[in-house]
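For the numbers below, each heavy atom of this structure counts, side chains included, while hydrogens, waters and symmetry mates do not. Every value quoted in this text rests on a predicted model; they were computed, and no experiment measured them.
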Amino acid sequence: MESRHKRSRSQIYKWCCYVLGLLVCAALQTTPGLFQLGQAKPLLILPLCLAVAVFEGEFGGALFGMVCGLMWDYTAGRTVGMLALEIMILCFAVGVLVQLYLQSAPGNFVVICSVAAWLLLSCDWLFFYYMPGYSGAAQRYLLFVLPSVLLTVLPALLEFGIVRRINAAFKIDNGVV
């Protein structure tokens with residue numbers, strides 16, 4: 001059985017590791033030309049917050065997803081709050097889905113992450129390209145949205161493994177045998 005102070009310190013270290021991962025992912029995702037294939041780039045922030053939602057549950061995942069969305073909005077120079085709201089809802093839904101119906105397996109996570117990336121990028125495309133009536137919106141969807149979803153799979157697996165390791169390293173021992 002661990003002391004309350006040791007458990008509290010362990011939780012602080014775990015969330016500091018998650019925030020450090022967010023800063024690294026935000027820096028890598030916004031670096032121009034890095035990991036780029038044509039117009040498409042992999043999403044790095046979204047798999048991180050979804051992985052945190054898988055291992056920390058719906059409440060912690062939703063709060064971390066909101067912080068991740070605000071960071072993404074800020075680093076991308078976008079309207080603040082749109083991605084924060086979308087990612088918070090996605091993280092809450094993923095946390096509930098994994099807790100009630102799915103196992104936290106890498107294969108399940110890749111499917112969840114791919115669907116979430118497709119939903120997020122499709123909403124972005126709909127509101128910022130299709131509805132304003134830009135020419136070449138369909139081409140943007142085919143050359144950016146779909147390849148970006150496919151490019152997100154490998155980082156999703158990597159981030160899932162990292163978050164699982166962080167979660168296991170700072171696991172709270174409740175004295176249950």
Side-chain angles (χ1 to χ4, degrees), residues 2-37 40-99 103-110 112-117 119-121 124 148-149 151-174:
E2 296 181 15
S3 70
R4 182 182 307 166
H5 181 68
K6 189 173 181 182
R7 285 186 293 188
S8 174
R9 190 173 25 160
S10 174
Q11 291 297 299
I12 290 171
Y13 290 155
K14 176 173 62 174
W15 285 99
C16 285
C17 288
Y18 291 153
V19 169
L20 180 64
L22 170 62
L23 295 174
V24 169
C25 287
L28 290 175
Q29 183 169 310
T30 57
T31 303
L34 193 63
F35 309 120
Q36 193 164 348
L37 181 65
K41 287 182 74 168
L43 303 179
L44 301 176
I45 295 175
L46 181 65
L48 176 69
C49 53
L50 291 176
V52 169
V54 165
F55 289 103
E56 297 299 329
E58 65 277 357
F59 184 71
L63 288 178
F64 188 70
M66 182 184 65
V67 171
C68 288
L70 288 171
M71 175 68 92
W72 193 353
D73 282 332
Y74 178 73
T75 57
R78 298 170 45 111
T79 305
V80 175
M82 184 170 173
L83 282 172
L85 182 63
E86 291 174 357
I87 294 175
M88 182 181 71
I89 292 169
L90 282 172
C91 286
F92 181 81
V94 165
V96 169
L97 186 69
V98 168
Q99 187 176 18
Q103 294 179 346
S104 60
N108 289 343
F109 184 72
V110 165
I112 289 171
C113 194
S114 298
V115 169
L119 283 172
L120 190 75
L121 291 173
D124 185 64
S148 291
V149 170
L151 288 174
T152 303
V153 169
L154 186 61
L157 284 172
L158 180 66
E159 291 174 24
F160 180 80
I162 291 171
V163 170
R164 179 173 29 193
R165 185 168 292 245
I166 290 170
N167 185 272
F170 296 106
K171 195 78 169 169
I172 297 175
D173 178 22
N174 290 329

- Message: Applying side chain to side chain contact (heavy atoms under 4.5 Å, CB included), can you list everything that pairs with L63, at least two apart in sequence or on another chain?
- Response: F59, M66

- side chain to side chain contact (heavy atoms under 4.5 Å, CB included), paired with L97, selected from V54, N108, I112: I112

- Item | Residues that F160 engages under ring-ring contact (aromatic ring centres under 6.0 Å, His included), provided they are two or more places apart | F55, F109

- Item | Interatomic distance, C68 atom SG to I45 atom CD1 [nearest 0.5 angstrom] | 6.5 Å

- Item | side chain to side chain contact (heavy atoms under 4.5 Å, CB included) partners of L37, counting only residues at least two apart | L151

- side chain to side chain donor-acceptor pair (under 3.5 Å) with Q11: which residues, sequence neighbours excluded? K14

- Task: Report the C-alpha distance between L20 and C16 in whole Å, list the side-chain angles of each, state the deciding distance to 0.1 Å, and finish with yes or no for side chain to side chain contact (heavy atoms under 4.5 Å, CB included).
- Result: CA-CA 6 Å; L20 180 64; C16 285; over 6 Å; no

Give the table of side-chain donor-acceptor pairs shorter than 3.5 Å for residues 77-92, with sequence neighbours excluded, one pair per line with atom names and distance.
from : atom 1 : to   : atom 2 : distance (Å)
R78  : NH1    : D124 : OD1    : 2.6
R78  : NH2    : D124 : OD1    : 2.9

- Quick one: pull up SG in C17 and CG in L22 and give me the separation to the nearest 0.5 Å. 13.0 Å

- Set of residues satisfying side chain to side chain contact (heavy atoms under 4.5 Å, CB included) with respect to T31, sequence neighbours excluded: L34

- Task: Would you please name every residue forming a side chain to side chain contact (heavy atoms under 4.5 Å, CB included) with L157, sequence neighbours left out?
- Result: P106, V110

- Message: Ignoring hydrogens, what is the shortest heavy-atom contact between L50 and C113? Give both atom names and the distance.
- Response: CD1-CA, 4.0 Å

- Query: Do M71 and L23 come close enough that some side-chain heavy atom pair is under 4.5 Å?
  - Reply: yes

- Item | With D73 via side chain to side chain donor-acceptor pair (under 3.5 Å) - residues at least two apart | none

- Minimum heavy-atom separation for Y18 to F64, with atom names? O-CZ, 3.5 Å

- Atom pair CH2/SG of W72 and C49 - distance to nearest 0.5 Å: 8.0 Å

- Task: Using a 4.5 Å cut-off on heavy atoms from C-beta on, say whether the side chain of T30 contacts that of Y74.
- Result: no

- Message: Testing the basics here: between L28 and K41, what is the closest heavy-atom pair and its distance to 0.1 Å?
- Response: O-NZ, 4.4 Å

- Task: Give the minimum heavy-atom separation between L44 and P155, together with the two atoms involved.
- Result: CD2-CB, 3.5 Å

- Item | Sequence neighbours excluded, every pair satisfying side chain to side chain donor-acceptor pair (under 3.5 Å) that has a member inside residues 151-168 | E56-N167

- Taking every heavy atom of L43 against every heavy atom of A117, the minimum-distance pair comes out as CD1-CB, 3.9 Å

- Message: Restricting to non-hydrogen atoms, name the atom on F35 and the atom on P42 that form the minimum distance, rounded to 0.1 Å.
- Response: O-CD, 3.1 Å

